[in-house]
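The chains referred to below are lettered A, B, ... by the order of the sequence lines, with proteins before strands, and numbering in each begins at 1.
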There are 2 protein chains.
Amino acid sequence: MATMHNRGVNTPAPTDSAAVRRANLSLVLRYVAAHGPCARTEVAAGTGLVHASVSALVADLIDRGLVAEVGAASSGGRGRPRRLVSLVPARVRTTAVHVAWGYSTVMTSDLAGVPGLPRQLPNSGGPFGPVENLADDIASAVDAVGPPEPGVHHGRLVIALSGPVTERDQDAPSPARSASHLARLVADRLPGLPCPVDVVNDAKAAALAEYHALAVRGGTVAYVKSDAGVAGALIVNGRVFHGSHGLAGELGHIPVSLDGPVCRCGATGCLTTYVSTRAVLEEAGLGGSTSPHHASAALTELDHRLRAGEPVALAALNRAGHALGAALQSLTGVTDPDHVVLGGRLADWLPWLRPGIDARLAARRGAFPAFSLAVTPGTLGADAALHGALAAGREHVLADPAAVPKGS
Amino acid sequence: MATMHNRGVNTPAPTDSAAVRRANLSLVLRYVAAHGPCARTEVAAGTGLVHASVSALVADLIDRGLVAEVGAASSGGRGRPRRLVSLVPARVRTTAVHVAWGYSTVMTSDLAGVPGLPRQLPNSGGPFGPVENLADDIASAVDAVGPPEPGVHHGRLVIALSGPVTERDQDAPSPARSASHLARLVADRLPGLPCPVDVVNDAKAAALAEYHALAVRGGTVAYVKSDAGVAGALIVNGRVFHGSHGLAGELGHIPVSLDGPVCRCGATGCLTTYVSTRAVLEEAGLGGSTSPHHASAALTELDHRLRAGEPVALAALNRAGHALGAALQSLTGVTDPDHVVLGGRLADWLPWLRPGIDARLAARRGAFPAFSLAVTPGTLGADAALHGALAAGREHVLADPAAVPKGS
DNA sequence: TTCTTTATTTTCAAGGGTTGAAAAATTAGA
DNA sequence: TCTAATTTTTCAACCCTTGAAAATAAAGAA
């Protein structure tokens with residue numbers, strides 16, 4: 001009797017020559033994308049591939065429209081002039097949708113990462129509503145930007161979301177709220193757009209975007225933001241680190257003190273109780289109302305008072321800074337990043353938070369000579385999640401150019 | 001003028017058919033190692049490779065002596081009987097050395113992970129001495145177990161070490177104390193053993209060993225131990241996670257409280273000040289002397305008092321348990337592991353630590369339904385680092401069987 | 001102007017890898 | 001003794017990279 005064994009989920013798939021082609025196509029495309037117009041010789045030297053291979057690979061990429069010749073360039077000396085090839089950014093369009101409470105935002109980008117203008121449109125609810133409504137909202141947002149022009153390949157639709165639909169199916173509260181189910185619902189509503197649909201967590205997407213904005217290669221980068229809630233994510237070697245249940249990098253409920261305020265989560269001394277917008281506003285004497293409108297006005301008022309040097313406001317931020325510093329101390333002890341990016345309100349507040357952060361990290365700096373940790377404000381503002389979703393979409397094309405069809 | 005571009009450190013190397021062969025050889029070897037004697041058909045079904053490929057790959061592995069036919073096995077029905085192939089564990093020997101203060105321990109293992117008896121021998125110092133002495137000690141430890149028998153391939157010599165020689169060159173305090181320099185010194189002293197030499201951190205090696213002992217696949221596992229000092233490591237998908245400066249997982253200096261005792265590192269409220277052996281002994285009224293002999297006696301005495309229900313001793317452990325629980329709360333918030341293994345003294349103390357740990361983690365369990373975190377004692381005791389070093393050595397062979405030479 | 005030199009790109013045979021189909025091997029049952 | 005069934009091996013076909021040789025194209029020299 002023949003025993004049929006299926007490969008386990010963690011068993012790698014067999015490798016064949018197609019995988020080799022994929023990897024080398026990706027290598028060449030990334031090189032051209034990163035180094036601008038360049039000759040085949042330069043690509044060969046930069047990638048370690050041989051001239052002959054580069055010729056074939058570039059020809060393949062030209063067939064797929066991802067790369068084009070942009071004329072010759074005599075390099076000073078004699079000899080056959082170099083024929084420069086360059087990325088064709090417009091060949092691939094990536095679309096990202098971010099669903100918030102009351103409105104959705106949609107944005108596209110080309111392969112070079114140049115984004116189109118973001119478009120906002122009202123929706124029927126938020127990420128916490130029925131999943132069918134969610135799919136409707138996403139589909140109409142995508143419809144609003146219209147179909148891609150002929151000859152433009154639609155690479156991927158990426159949905160940035162926070163709420164009960166999670167990035168990985170195994171973390172979803174129920175099968176109906178799994179990423180794959182939402183993706184299928186959206187795809188069904190967009191029959192004219194036959195492209196893969198991904199769901200990413202919005203905080204993780206924002207982290208990825210800020211990581212790319214740093215323009216560092218590799219390393220470990222942590223991202224912490226505070227808006228409605230405190231969230232965060234960890235980027236390791238350019239990829240989101242999920243952890244076992246998709247909760248890695250979520251610093252909101254890190255304990256800062258053994259006996260701090262009681263958090264909504266039930267624990268005591270969570271970071272959230274020190275640095276959330278609500279906590280800071282209350283500590284500054286500006287709390288009381290929960291309406292979004294009032295909160296916005298209160299934030300403006302807080303900013304005025306901070307700039308005016310009002311002692312109560314300064315004390316509130318100082319308290320938050322020390323708490324955040326302690327959290328970063330924990331973060332550093334566990335994951336040893338070299339960079340922390342602060343997003344949301346934390347980016348605006350950083351000047352007033354920094355003394356507390358530095359005080360907490362000073363000891364560590366002294367004890368470990370090799371230790372270094374840069375703490376900087378995020379540069380992308382509220383659109384960070386959208387930009388990250390677009391970057392995730394582009395990454396798929398760069399990693400597997402063979403998925404873009406050949407022929408004009 | 002031709003511009004020569006070298007590939008950047010993070011740029012992947014080009015892929016070729018040799019890489020394909022390597023990957024598939026590894027796939028087949030891992031399958032045979034994990035599933036015991038099995039027929040080629042079974043390997044094909046389990047790996048996704050085609051019969052023809054499996055035949056060729058198995059023949060290659062037989063050539064290298066890593067696998068052998070172990071006779072036929074009629075599978076009940078009619079048809080040509082299956083010819084079972086099995087791992088040949090004795091084909092490869094891996095050696096690990098652990099250097100401690102005053103003595104070194106050396107152990108070997110075959111490819112199946114069955115270890116030889118550990119051997120201890122006195123050395124001229126510890127990991128903090130001159131690197132030349134370190135190399136001498138390691139070389140004489142390896143000499144003590146003798147050369148491998150003819151026909152046995154020596155896969156790798158792995159050195160488990162804690163101290164100023166770090167696992168990665170970039171984390172070393174000076175070039176003279178880099179892992180590659182030590183490896184070269186050791187290799188020079190062992191001219192008869194032409195095999196690669198690796199240096200791994202002993203806490204990280206112990207973490208890897210405990211991970212393998214759990215027999216889980218993938219996931220995120222954290223390891224924390226307390227002996228002379230508090231250390232730890234993080235295993236992600238079966239590999240050590242280093243972080244940016246090789247300090248990831250080092251929980252010793254996580255802040256547990258904003259205003260705790262002052263630590264030697266300069267910060268306040270570090271985990272070390274609550275759970276280190278010294279701190280617990282002092283808290284239990286058994287501190288005072290720093291001699292190793294006295295500490296050992298004090299630990300035995302502490303154990304007696306704990307079992308007798310002595311209130312001061314119980315209080316000391318309770319304090320440590322709550323601190324450790326808070327640290328695990330931080331750990332969970334940052335990296336979201338599904339398993340924490342406690343090593344060293346912590347494994348012995350776990351029964352008395354658990355109430356504090358559980359109290360701290362209870363809130364988190366309630367807030368995140370999907371959250372789960374098992375906390376278990378390590379099962380490998382003091383030899384964990386050696387076992388981990390051996391596992392790291394075996395992993396190299398399993399990942400690249402082509403490095404083992406062909407021919408008997 | 002023509003020839004030589006130089007640098008880039010393409011072409012081509014060779015070698016290694018996987019694959020699918022056919023052939024060979026081997027045993028149980030008719 | 002023959003047939004069916006199952007496993008293993010063989011073999012031609014195809015894909016990919018590689019190294020060397022050929023083709024291409026411009027600058028400088030005669």
Side-chain angles (χ1 to χ4, degrees), chain A residues 1-5 12-28 37-63 67 69-85 401-402 406, chain B residues 1-5 12-28 37-63 67 69-85 401-402 406:
Chain A
M1 189 197 319
T3 36
M4 283 299 284
H5 278 254
T15 310
D16 59 1
S17 49
V20 174
R21 187 61 157 194
R22 253 195 310 278
N24 288 337
L25 276 178
S26 171
L27 193 60
V28 170
C38 50
R40 289 165 176 80
T41 302
E42 193 185 335
V43 176
T47 59
L49 287 158
V50 159
H51 295 151
S53 306
V54 172
S55 265
L57 291 163
V58 167
D60 191 331
L61 292 173
I62 290 177
D63 267 358
V67 145
E69 300 224 355
V70 293
S74 170
S75 53
R78 45 185 164 178
R80 180 174 174 173
R82 302 174 160 202
R83 303 173 66 188
L84 304 181
V85 294
K406 284 191 179 185
Chain B
M1 190 198 317
T3 37
M4 284 299 286
H5 277 253
T15 310
D16 60 0
S17 49
V20 174
R21 188 61 157 190
R22 253 196 309 278
N24 287 339
L25 276 179
S26 170
L27 194 60
V28 171
C38 51
R40 289 167 175 79
T41 302
E42 192 185 334
V43 176
T47 59
L49 288 158
V50 160
H51 295 153
S53 306
V54 172
S55 264
L57 291 163
V58 167
D60 192 331
L61 292 173
I62 290 177
D63 267 359
V67 147
E69 302 224 354
V70 292
S74 170
S75 53
R78 46 186 167 179
R80 179 175 176 172
R82 301 175 160 200
R83 303 172 65 188
L84 303 180
V85 294
K406 283 192 180 185

Legend entry - Non-hydrogen atoms of B:Ala402 and B:Leu25 that approach each other most closely: CB-CD1, 4.2 Å
Inset, instruction - Could you run through nucleotides 15-23 of chain C and give me one letter per nucleotide, 5' to 3': B if any protein heavy atom sits under 4.0 Å from the base, S if only the sugar-phosphate is that close, - if neither? - result: --SSBB---
Inset, instruction - Using the closest heavy atom to pick a nucleotide of DNA chain C for each, name whichever of A:Arg40 or A:Gly79 lands nearer the 5' end. - result: A:Gly79
Legend entry - Flag, side chain of B:Asp16 to backbone of B:Ala19, donor-acceptor distance under 3.5 Å: yes
Legend entry - Side-chain N or O of A:Ser55 closer than 4.0 Å to phosphate OP1/OP2 of C:dT10: yes
Inset, instruction - Mind calculating the distance between NE2 (A:His51) and P (D:dA22) to the nearest angstrom? - result: 18 Å
Inset, instruction - Return the minimal non-hydrogen interatomic distance between A:Thr15 and B:Val20, and the atom names on each side. - result: O-CG1, 3.4 Å
Inset, instruction - Taking B:Asn24 for its side chain and A:Pro14 for its backbone only, find out whether a donor-acceptor pair lies under 3.5 Å. - result: no
Legend entry - Nearest heavy atoms of A:Arg40 and A:Arg83, plus distance in Å: NH1-O, 3.6 Å
Inset, instruction - With heavy atoms under 4.0 Å as the rule, sort B:Ala39 into base, sugar-phosphate or nothing. - result: sugar-phosphate
Legend entry - Nearest-Å distance for atom pair CZ/C1', residues A:Arg82 and C:dT8: 8 Å
Inset, instruction - Could you tell me whether the phosphate oxygens of C:dT10, OP1 or OP2, come under 4.0 Å of any side-chain nitrogen or oxygen in A:Arg80? - result: no
Inset, instruction - Return the value, rounded to whole Å, for the distance between atom CZ of B:Arg22 and atom C1' of D:dT17. - result: 14 Å
Legend entry - For the student: nearest non-hydrogen atoms of B:Pro37 and B:Val70, plus distance: CB-CG2, 4.3 Å
Legend entry - Spacing between A:Ile62 atom CD1 and C:dT10 atom C1', to the nearest angstrom: 13 Å
Inset, instruction - Determine: side-chain N/O of A:Thr41 to OP1/OP2 of C:dA7, distance under 4.0 Å, yes or no. - result: no
Inset, instruction - Please tell me which of the listed nucleotides, C:dT27, C:dA24, D:dA23, lies nearest to the side chain of B:Pro81? - result: C:dT27
Inset, instruction - Would you mind reading off the distance between B:Arg78 atom CZ and C:dT27 atom C1', rounded to a whole angstrom? - result: 10 Å
Inset, instruction - Find the distance A:Glu42:CD to C:dA7:C1' and express it as a whole number of Å. - result: 14 Å
Legend entry - Rounded (10°) bend between the five-pair end axes of the helix from C:dT1-D:dA30 to C:dA30-D:dT1: 30°
Inset, instruction - Please tell me which of the listed nucleotides, D:dA27, D:dT8, C:dT9, lies nearest to the side chain of B:Arg83? - result: D:dT8
Legend entry - Contact check, side chains of A:Asp60 and A:Lys406, non-hydrogen atoms, under 4.5 Å: yes
Inset, instruction - Identify the heavy atoms of B:Pro401 and B:Arg22 that sit nearest to each other, and give their distance. - result: CD-O, 4.2 Å
Inset, instruction - Of all the heavy-atom pairs spanning B:Cys38 and B:Val43, show the shortest one and how long it is. - result: SG-CG2, 3.7 Å
